[in-house]
Amino acid sequence: MGGRPSVLRVVLAIITIAALATATWLGVVGRRQSNRASSLRQANAAAVARNRALSAKLSGLTVANSRAQGRIARIEDDRGATAGGMDSVVGAWNDWLTANNALIETANGFVDHAAEPSGAEMHAALDPRLRTITAKEAAFRAAIVKFAAAAAKARHDASSAKP
Amino acid sequence: MTAEMAHEYSVESPAGPRVKWLGVAVVGALVLAIAAGIYRHQETDHARRAAARAAVLDRETRDLEMKVAAARTKLEASRAELRAKAPGTAALLKVLDQLNANHASMSSIVRDQDTSTAQIIDALSRKQYDTYNALVDRFTNSTRTVDALATTETKLRDELTRSGCGDTCSATEAAAVNPRR
């Protein structure tokens, strides 16, 4: 009976030492992992902040680019609008001119006529032409107003389109 | 073994309490080892998750950096395009001024001619042929102004087209320099 307790003591002591050594090793490894996780978390927080700043910068650049493209498109649109307005002016001008010439030709026809026409007859022939001229004049003035508005818009857009 | 015998044994053998304490130490050491194992496992898991998140964030950063570089290039291109349009825009504004002046003259001539036509009809219906002839002469003279204004308008239209194409439309410019016959 004298040797049994001492063998048990040795075995128990070995187990205790082994368990303590394992616990120490696991603790050290765990601590290292904890430190690594901590530094990674810090780096991740910095990366998140950096990504947020990059996103804000990207957003700003995109907005600025959209604004620049919008200005370019507006300049082109304005040019198209003024050119279109000018065509309308020229068209209205030519219509007015045609109506004027028609009236003068009709009037000259009366002058060249051998028989002297009555005033009523002349009015009946010329008044519609005069009304046409008045209508054409109104169309011409409307085209002028439209062109002036397009020109004013083009001027405004051009002055605000500094790069 | 009865209780008395056990009591007698424990009193007699000093190894008994040591074995008991060693048993407690073994159990304690094992519990400590298990706890350390759990701790290690958890921290390894945290570190692994943090590393995975770091990889994702790194990809995001690189992606964002590329997008920012591309957006900056685009913006610079847009600004360059805008700057390139500046001379054309200045030319356009100049042409617009000239056109507005021309249109004011056109409006004036329209007003004058319309007054003349009304007077012409009136003179004709009253058989005042001298007045009629004088008015028609004036009308004819004004027609020359009308023609001049129309010519200016055409010239300005060409300039307007030219201001839109900048350096890229030499054909248009050549057409403007050598007017059609």
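Numbers restart at 1 for each chain; the letters A, B, ... are given by sequence-line order, proteins then strands.
The greatest number of non-hydrogen atom pairs below 4.5 Å with chain A, out of B:Ile34, B:Asp45, B:Ile120, B:Leu99, is found for B:Leu99. Between chain B and the residues A:Asn100, A:Asn94, A:Leu97, the most heavy-atom pairs under 4.5 angstrom are made by A:Asn100. Of the listed residues (A:Thr134, A:Asp78, A:Leu126), the greatest number of heavy-atom pairs within a distance under 4.5 Å of chain B belongs to A:Leu126. In terms of heavy-atom pairs under 4.5 angstrom with chain B, the leader among A:Asn35, A:Leu103, A:Ile17, A:Thr106 is A:Leu103. Of all the listed residues (B:Leu96, B:Asn100, B:Val110), the one sharing the greatest number of non-hydrogen pairs under 4.5 Å with chain A is B:Val110. For the set A:Ile104, A:Val90, A:Leu20, the count of heavy-atom pairs under 4.5 angstrom toward chain B peaks at A:Ile104. Heavy-atom pairs under 4.5 Å with chain A peak, among B:His41, B:Met106, B:Lys74, at B:Met106.
Contacts of B:Leu93 with chain A are made by both backbone and side-chain atoms, with heavy-atom separations under 4.5 Å. Only the side chain of B:Leu149 comes within contact range of chain A, judged by heavy atoms closer than 4.5 Å. Residue B:Asn133 does not touch chain A at all, counting heavy-atom pairs closer than 4.5 Å. Of the atoms belonging to B:Leu135, not a single heavy atom falls under 4.5 Å from chain A. Residue B:Arg126 does not touch chain A at all, counting heavy-atom pairs closer than 4.5 Å. For A:Ile14, no part sits under 4.5 Å from any heavy atom of chain B, backbone or side chain.
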For this session: Give the C-alpha distance, both sets of side-chain angles, the deciding distance and a yes or no for side chain to side chain contact (heavy atoms under 4.5 Å, CB included) between A:Arg79 and B:Lys85.
Result: CA-CA 12 Å; A:Arg79 197 187 304 283; B:Lys85 283 190 181 298; 5.5 Å; no
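For the pair B:Ser78 and A:Ile72, the tightest heavy-atom approach, listed with the atom from each and the gap, is O-CD1, 3.6 Å. Taking all atoms of both residues into account, the shortest heavy-atom contact from A:Thr132 to A:Ala99 is CG2-CB, 4.1 Å. Of all heavy-atom pairs spanning B:Leu82 and A:Ala68, the tightest one is CD1-O, 4.3 Å. A:Leu40 approaches B:Ala50 most closely through the heavy-atom pair CB-CB, 3.6 Å. Of all heavy-atom pairs between B:Ala36 and A:Ala23, the closest is CB-O, 3.3 Å.
Using a cutoff of 4.0 Å between basic side-chain nitrogens and carboxylate oxygens, B:Lys67 and B:Asp63 are scored as salt-bridged. Ion pairing between A:Arg141 and A:Glu137 holds under the 4.0 Å rule for side-chain N and carboxylate O. Salt bridge status for B:Lys94 with B:Asp97: absent, with no side-chain N to carboxylate O gap under 4.0 Å. The existence of a salt bridge linking B:Glu65 and A:Arg50 is confirmed by a sub-4.0 Å separation between a basic side-chain nitrogen and an acidic carboxylate oxygen.
Residue-environment remark: CZ (A:Arg155) exceeds the threshold of 12 foreign heavy atoms within 6.0 Å.
Within residues 25-33 of chain A, the residues having any heavy atom less than 4.5 Å from a heavy atom of chain B are, in residue-number order, A:Leu26, A:Gly27, A:Val29, A:Gly30, A:Arg31, A:Gln33. The stretch residues 42-49 of chain A places A:Asn44, A:Ala47, A:Val48 near chain B, each with some heavy atom under 4.5 Å from a heavy atom of that chain.
Checked by atom type and distance alone, the side chain of B:Ser116 pairs as donor or acceptor with a backbone atom of B:Asp112 at under 3.5 Å.
Contact of the B:Glu153 side chain with the B:His103 side chain is registered, since non-hydrogen atoms from C-beta on lie closer than 4.5 Å.
With sequence neighbours excluded, the residues that form a ring pair (Phe, Tyr, Trp, His ring centres under 6.0 Å) with A:Trp93 are A:Trp96, A:Phe140. In this structure A:Asp127 satisfies the side chain to side chain donor-acceptor pair (under 3.5 Å) test together with A:His123, sequence neighbours excluded.
Linking ILVMFWY side-chain heavy atoms closer than 4.5 Å, directly or via other members, places A:Leu130 and B:Val136 in a single hydrophobic cluster.
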